[in-house]
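All remarks here apply to the structure that follows.
Counting begins at 1 with the first residue of the sequence.
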Amino acid sequence: TTLNKIKYPSITNVGFSPTFGDTGLRIETHILNRMEDHPPRVGQQMKVEFYLYYREEKKFENTDLLQAQIAKDVLAATKWWKIKVN
């Protein structure tokens with residue numbers, strides 16, 4: 001993800017949030033490191049580039065299971081990017 005001309009390792013979901021019954025397509029990006037020096041502003045544009053497809057979207061029985069899977073996804077992404085998350 002590029003923001004303020006700085007590249008940040010990130011993980012992105014493109015999908016429909018089936019756990020919550022949403023039908024609209026969403027794109028959600030999570031920056032893996034803090035952005036204290038250059039925080040984003042509301043309405044600011046960013047560029048997201050895709051390097052690896054990790055897994056299919058799935059519906060979870062509850063939000064606890066979803067949160068556990070997201071934690072695994074973030075861990076996998078930090079290993080792929082070879083970074084330590086602050």
Side-chain angles (χ1 to χ4, degrees):
T1 300
T2 304
L3 184 65
N4 297 323
K5 299 181 183 178
I6 299 170
K7 289 189 178 224
Y8 296 94
S10 63
I11 186 169
T12 299
N13 177 62
V14 178
F16 296 93
S17 302
T19 301
F20 300 103
D22 292 345
T23 57
L25 181 65
R26 293 174 177 244
I27 301 172
E28 300 171 339
T29 296
H30 175 74
I31 305 295
L32 296 173
N33 278 333
R34 292 186 190 151
M35 303 170 62
E36 295 167 350
D37 295 338
H38 305 281
R41 296 183 312 271
V42 173
Q44 185 175 12
Q45 290 187 5
M46 65 182 187
K47 178 181 177 182
V48 177
E49 298 175 79
F50 297 92
Y51 294 97
L52 175 71
Y53 179 82
Y54 181 65
R55 69 172 175 87
E56 296 278 330
E57 184 173 50
K58 88 181 234 187
K59 182 176 182 175
F60 293 89
E61 291 181 29
N62 58 56
T63 56
D64 290 338
L65 293 173
L66 171 61
Q67 288 174 337
Q69 181 62 56
I70 291 171
K72 289 178 187 176
D73 296 343
V74 168
L75 180 61
T78 59
K79 288 180 180 179
W80 189 85
W81 284 108
K82 297 177 181 154
I83 61 166
K84 265 185 147 177
V85 176
N86 357 349

Legend entry - Heavy-atom closest pair, residues L32 and W81: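 The pair with the smallest heavy-atom distance is CD1-CD1, 3.7 Å.
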Legend entry - By side chain to side chain contact (heavy atoms under 4.5 Å, CB included) - contacts of L52 (at least two apart):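 For L52, the residues satisfying side chain to side chain contact (heavy atoms under 4.5 Å, CB included) (neighbours in sequence not counted) are W80.
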Legend entry - Gap between atom CG of N13 and atom CD1 of I27 - 0.5 Å precision: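 So the gap between those two atoms works out to 9.5 Å.
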Legend entry - Short side-chain to backbone donor-acceptor contact, S17 and D22, under 3.5 Å: no
Ignoring hydrogens and angles, write down the donor-acceptor pairs under 3.5 Å from the side chains of residues 1-12, residues two or more places apart or on other chains.
residue, atom, partner, partner atom, Å
T1, OG1, S10, OG, 2.6
N4, OD1, Q44, NE2, 2.3
N4, ND2, H38, O, 3.2
K7, NZ, E49, OE2, 3.3
T12, OG1, T29, OG1, 2.9

Inset, instruction - Report the C-alpha separation of F20 and F60 in whole Å, then their side-chain angles, then the decisive distance to 0.1 Å, and conclude whether the side chain to side chain contact (heavy atoms under 4.5 Å, CB included) test is met. - result: CA-CA 9 Å; F20 300 103; F60 293 89; over 6 Å; no
Legend entry - Cluster check V48, Y53: I/L/V/M/F/W/Y, side chain < 4.5 angstrom: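 Unlinked, V48 and Y53 end up in two clusters.
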Only distances under 3.5 Å count here; give the side-chain donor-acceptor pairs of residues 64-75 to other protein atoms, sequence neighbours excluded, each with its distance to 0.1 Å.
residue, atom, partner, partner atom, Å
Q69, NE2, D73, OD1, 2.8
D73, OD1, R55, NE, 3.2
D73, OD2, R55, NE, 3.0
D73, OD2, R55, NH2, 2.8

Legend entry - Heavy atoms from other residues, nucleotides or ligands near CD of E28 exceed 12 (cutoff 6.0 Å):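 Above 12, so yes.
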